[in-house]
S.K.: 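Pasting a structure below so you can have a look.
By convention in this document, chain letters (A, B, ...) are assigned in the order of the sequence lines, proteins followed by strands, and residues within each chain are numbered from 1. In this text, all values refer to a predicted model and were calculated from it rather than measured experimentally.
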There are 4 protein chains.
Amino acid sequence: MQSRTPASRTGRPRSVAADTAILAATRAALVELGWSKLTLGDVATRAGVAKTTLYRRWAGKNELVVDAVAELFDELRLPDRGSLAADIEGVVLQFAAILARPEAKSGLMAVVAESTRDEALRERIRTSIVDRQKRLVLEGRSRAQARGELPPETDPAESARTVDLIFDMVAGAVVHRTLVSAEPADEDWVRSFTRVLLLGLTPSS
Amino acid sequence: MQSRTPASRTGRPRSVAADTAILAATRAALVELGWSKLTLGDVATRAGVAKTTLYRRWAGKNELVVDAVAELFDELRLPDRGSLAADIEGVVLQFAAILARPEAKSGLMAVVAESTRDEALRERIRTSIVDRQKRLVLEGRSRAQARGELPPETDPAESARTVDLIFDMVAGAVVHRTLVSAEPADEDWVRSFTRVLLLGLTPSS
Amino acid sequence: MQSRTPASRTGRPRSVAADTAILAATRAALVELGWSKLTLGDVATRAGVAKTTLYRRWAGKNELVVDAVAELFDELRLPDRGSLAADIEGVVLQFAAILARPEAKSGLMAVVAESTRDEALRERIRTSIVDRQKRLVLEGRSRAQARGELPPETDPAESARTVDLIFDMVAGAVVHRTLVSAEPADEDWVRSFTRVLLLGLTPSS
Amino acid sequence: MQSRTPASRTGRPRSVAADTAILAATRAALVELGWSKLTLGDVATRAGVAKTTLYRRWAGKNELVVDAVAELFDELRLPDRGSLAADIEGVVLQFAAILARPEAKSGLMAVVAESTRDEALRERIRTSIVDRQKRLVLEGRSRAQARGELPPETDPAESARTVDLIFDMVAGAVVHRTLVSAEPADEDWVRSFTRVLLLGLTPSS
DNA sequence: TCGTAACCGAGACGGTACGTCGAGTCTTACG
DNA sequence: CGTAAGACTCGACGTACCGTCTCGGTTACGA
């Protein structure tokens, strides 16, 4: 993920186990210490690895945490619950569940904050986390279109804008609910939210 | 804001000018350096103040930045543009404008990230920033009710839940758009967003 | 001691009790904390006095400690034990007893160390402590001359040099024994030392 | 001198050049600033070394200065001038010359003062400075015995006490002359002092 | 008797140095 | 060449005292 095939032919090959151990150690440290008290020296110690090894693979704390957190979101799945509303509720609940975990809370917002002054970091976040999950919105829409719940899109540009809007609304609301309001994004809340969102998007129904 | 009227009668009184200078210097440093490279020593120097003076008034970087950023949001006003939709658009645009400023971007997300592991800090954020702006939602609703655009609320508990939901949706979407998607929350986007939001909330119209 | 009659006629006069309290507090702090950990703020607190009051009377830590320690040496007396040797032993034992007290040990060497770079401080030490005790050597000599143990001096310059030499040898040996060798300057040691000194000074006997 | 062969096999070895540079920088700072204005940060800068490196090797200002000053006394040599009196004069003059240097004056008394409250420090001073120079007294005595100027000692305990007494008298007198009386321990003074000392020790002659 | 000038306590102020910690780099010996 | 170990430079941390200042309030003289 962080190494772009350095294409080194000779010498001792990099330990593959190390990557796994480091990312796991990073998440463990995030849980115990949070972003600001997490130190790379500590992560290296937890992973049973020298600091040098860590720096050879990641440029710094930000990059490391992005990768460590990104893995958490890969377990998101779009369940087939029979209706668009139910599908959305399902995936939003999963998203909320991940965000409730301390390693996600603590790490995600911090790297987003850092990314406001670091274009490369923002790009890495978008590539590794955000865009990767937009597939859920696309998948959900085509499934709803297949069911006849939504009309097929006509204008592709307008369509892309809508996907982005939906993504901002969903992710933003859950994040704000969880981190700022510090209230659980539980089933009741998700149902209310989904209702407003769907009504807003499909005024006809 | 940080001092709860210590009411000490004797001794040299605290300089009131220092508070102002420190908060201004904090914002300036946020603009130039961003959260992670902002140091309290530097802020003190910019403010023409000793580090000890700063520490006498704020417990640390987090608390200082919360207060510095909070002042930015106090300039939010609910404009009377004649209709609910226009009013919402107006205030969301103002909110987006503030969030577009680097001192807000850089600082706000960082303290939110820190607050996931610091209950007192979260409380401070809520008191100083979030709750203080919920007035806008309430004001907007009563104005819309006076205009007849919205029915008077009946269930006060349900009503509070709705206010919270709206706030999470508005603030969340704008924040996500601005910081994560890194796209401007311009008039077009605000119009689209407001349309979805209003339709979702008032399905009858 | 520190005030050279400032000749202020009007206004509230300085509290005389404060001086006593401050010097006593200084010695107490020297006993408990030693020179390096003694702080003027702490002395002021112990003396029940504001820091300002203390600074109004002494220029700093060095000057304060010199005065506090000087008082200790004023209790030195030349006992009349019947012979020159016995007289010397008596006064050396007294000197050793004072130097054994922690407030003297801790403070005296420190101000001497400081005085190597501060001519005014050295002068103050000499005036307040050293020269004031040279009377003992002079007194002892005239008493021994009266007894016929020593011949009357002839060359006054030579005589002054001898007084200085004796003083350096006595004070130096006791200080070195006490502080550097960290052995007690007890009766046995004082007797050995006095014997060598007297033999060296009166070779005829 | 400060490291007792930690015998760590792995890792980057400590820079040997750093020790030398730090001790030299310490002496330079003592000359320029004196003990009380010497700061470890400044020493580190002068030595071209980070503060952490300094703290990794010495526990604090006291320990560092003891080592820096100790090196000064290692250049003491017992010259063979043909007679006991001349030998003593020679070594006392050397001792006085070292003590006249500002880095010795300023540092030595200060650490002695500190050592009154720090047993470990006193031990370090004794090991590094005092005991190391007692060899001069022993050497001088055996040389004098070989010449027939002194009888061979009979009682070893008495002999050790005498060595200590001589050392306290020599070191004490020179220190007191130099630092307290602030007069130069020049040839005249050393001759007078040596005469008294030798007469006191060898009354027969 | 009353002003006033110097005192007093308290404590905030601008500074300087402290000793520690983490970041990120470099230098060893070993695999 | 990768790796573990650990020393390295650098810079910020938060604390402690320094010596100064600014308050409100308190004496004691002298007009």
S.K.: C/Leu64 CG to F/dC18 P: how many Å, rounded?
M.R.: 11 Å
S.K.: How many whole angstroms separate atom OH of A/Tyr55 from atom C1' of F/dT3?
M.R.: 17 Å
S.K.: Does any pair with a residue in residues 21-39 of chain B pass salt bridge (charged side-chain N to carboxylate O under 4.0 Å, His left out), and if so which ones, sequence neighbours excluded?
M.R.: B/Arg27-B/Glu71, B/Glu32-B/Arg46
S.K.: Cation-pi check, D/Lys105 to D/Trp35: give yes when NZ or CZ is under 6.0 Å from the six-membered ring centre and within 45° of the ring axis, no otherwise.
M.R.: no
S.K.: May I have the distance from A/Glu114 (atom CD) to E/dA23 (atom C1'), rounded to whole angstrom?
M.R.: 14 Å
S.K.: Rounded to the Å, how far apart are A/Leu54 CG and F/dG2 P?
M.R.: 15 Å
S.K.: Nearest whole Å is fine: how far is E/dA23 P from A/Trp35 CH2?
M.R.: 10 Å
S.K.: Output yes when B/Asp118 and B/Arg124 qualify as a salt bridge under the 4.0 Å nitrogen-oxygen rule, no when they do not.
M.R.: no
S.K.: Let me spell it out: for each of D/Leu40 and A/Ala59, pick the nucleotide of DNA chain E with the closest heavy atom. Which residue's pick is nearer the 5' end?
M.R.: D/Leu40
S.K.: Looking at C/Arg14 and C/Asp19, is there a salt bridge between them, counting it only when a charged N and a carboxylate O are closer than 4.0 Å?
M.R.: no
S.K.: Using whole Å, what does the distance between atom C1' of nucleotide F/dA16 and atom CG of C/Leu33 come to?
M.R.: 14 Å
S.K.: Provide, to the nearest angstrom, the distance between the CG atom belonging to A/Asp19 and the P atom belonging to F/dG2.
M.R.: 13 Å
S.K.: Let me know the distance between CD of C/Glu63 and P of F/dC18, rounded to the nearest Å.
M.R.: 13 Å
S.K.: Starting at the 5' end of nucleotides 5-11 of chain F, put B wherever the base has a protein heavy atom under 4.0 Å, S where only the sugar-phosphate does, and a dash everywhere else.
M.R.: BBBBBB-
S.K.: For the pair D/Leu108 and D/Ile129, evaluate side-chain contact (heavy atoms from CB on, under 4.5 Å) and give the outcome as yes or no after the intermediate values.
M.R.: CA-CA 10 Å; D/Leu108 188 60; D/Ile129 305 183; 4.0 Å; yes
S.K.: Applying side-chain contact (heavy atoms from CB on, under 4.5 Å) between D/Val69 and each of D/Leu23, D/Ile125, D/Leu30, D/Val111, report the one that passes.
M.R.: D/Leu30
